[in-house]
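Start at 1 and go down the list; that is how both ligands and their atoms are numbered. Bear in mind that the values here come from a model prediction, so they are computed numbers and not experimental data.
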Amino acid sequence: MNLILLGPPGAGKGTQAQLLADKHGLVQLSTGDMLRAAVKAGSEIGKKAEAIMKSGGLVSDEIVIGIIADRIEQPDCAKGFILDGFPRTLKQADALGSLLTSKGKDLDAVVEIKVDDTILVSRIENRARETLAAGGTVRADDNAEALKTRLMAYYRETSPLVGYYYAYRKLQTVDGMAPIADVSAQIEAVLKGAAKA
Ligand code: ADP
């Protein structure tokens, strides 16, 4: 089962991707996590990505497509994967399509986690506050200024993918305003449908 989770920052993609990965033994591929690891490791990619990520902008298509192309080839991805945070642009979506075709793979579903725009800012601010209270490190891009840029990047670059995957007949939408367990149940229902198709 190969899936994409689509939705704005704060929609809950990471949370749902992890639940799905645990439940179904799929590999979670989060470009955000991979890039943060590269920044931490101080690799060439990390050096290129750090300032852009901090500002909330998008890292170049070339970099993220390269990361995903390498990762999807790894043997553990053969059992299926969940893309969380990729693709984020039409160019990335086209590249993913070509990549999967060349490997004889396909997408089973693209799940859009739909949330009201007005709650995104408060969700991310709460996440930052909770992380601080727990003594953790708040993400460098979880601040008001970077958040504005992240939302803008989503609406300008990523939201057209909803129409793109609809046209490919891959899009399934779930209500991301529901409690976490309900969102999971909706996604499970989508997967059952996709498995039958
Ligand atoms: P969010 O919670 O905003 O969805 P992520 O953890 O998915 O955050 O990504 C954090 C940052 O990493 C993004 O704001 C962007 O700078 C970079 N990034 C992650 N995935 C991609 C991608 N597919 N294309 C370009 N930049 C990306």
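If you run side-chain contact (heavy atoms from CB on, under 4.5 Å) between C77 and each of V27, N2, L26, only V27 comes through.
For ligand 1, the atoms closer than 4.0 angstrom to any heavy atom of R36 are 6 (O), 10 (C). Here is the list of ligand 1 atoms found below 4.0 Å of a heavy atom in K13: 4 (O). Ligand-side atoms of ligand 1 in range of G57: 14 (O), 15 (C), 16 (O), range being under 4.0 angstrom from any heavy atom. The contact set between ligand 1 and Q92, taken as ligand atoms under 4.0 Å from a residue heavy atom, comprises 22 (C), 23 (N), 24 (N), 25 (C). Each of the atoms 12 (O), 17 (C), 18 (N), 19 (C), 27 (C) of ligand 1 lies under 4.0 Å from some heavy atom of L35.
A salt bridge does not link D142 with R129: every distance from a Lys NZ or Arg NE/NH1/NH2 to an Asp or Glu carboxylate oxygen is 4.0 Å or more.
Atom 11 (C) of ligand 1 has its closest protein heavy atom at M53 CE, 3.9 Å. For atom 20 (N) of ligand 1, the nearest non-hydrogen atom of the protein is T31 OG1, 2.8 Å. Taking atom 26 (N) of ligand 1 as the reference point, the nearest protein heavy-atom neighbour is V59 N, 3.0 Å.
Around atom CZ of R156, no more than 12 heavy atoms belonging to other residues, nucleotides or ligands sit under 6.0 Å away. Shown here is K48, whose NZ atom has no more than 12 heavy atoms of other residues, nucleotides or ligands within 6.0 Å. When the shell of 6.0 Å around CD of E62 is examined, it contains 12 or fewer heavy atoms from other residues, nucleotides or ligands.
Of the inter-residue distances, the one linking Q186 atom CD with K114 atom NZ reads 12.5 Å to the nearest 0.5 angstrom.
Using a 4.0 Å cut-off between heavy atoms, L58 contacts ligand 1 through both its backbone and its side chain.
Not one N or O on the side chain of K91 forms a donor-acceptor pair closer than 3.5 Å with the backbone of D61. A donor-acceptor contact shorter than 3.5 Å is absent between the side chain of E50 and the backbone of K40.
Considering both main-chain and side-chain atoms, G85 comes within under 3.5 Å of ligand 1 through a nitrogen or oxygen pair.
Counting only non-hydrogen atoms, the option in R88, R150, R139 that gets closest to atom 4 (O) of ligand 1 is R88.
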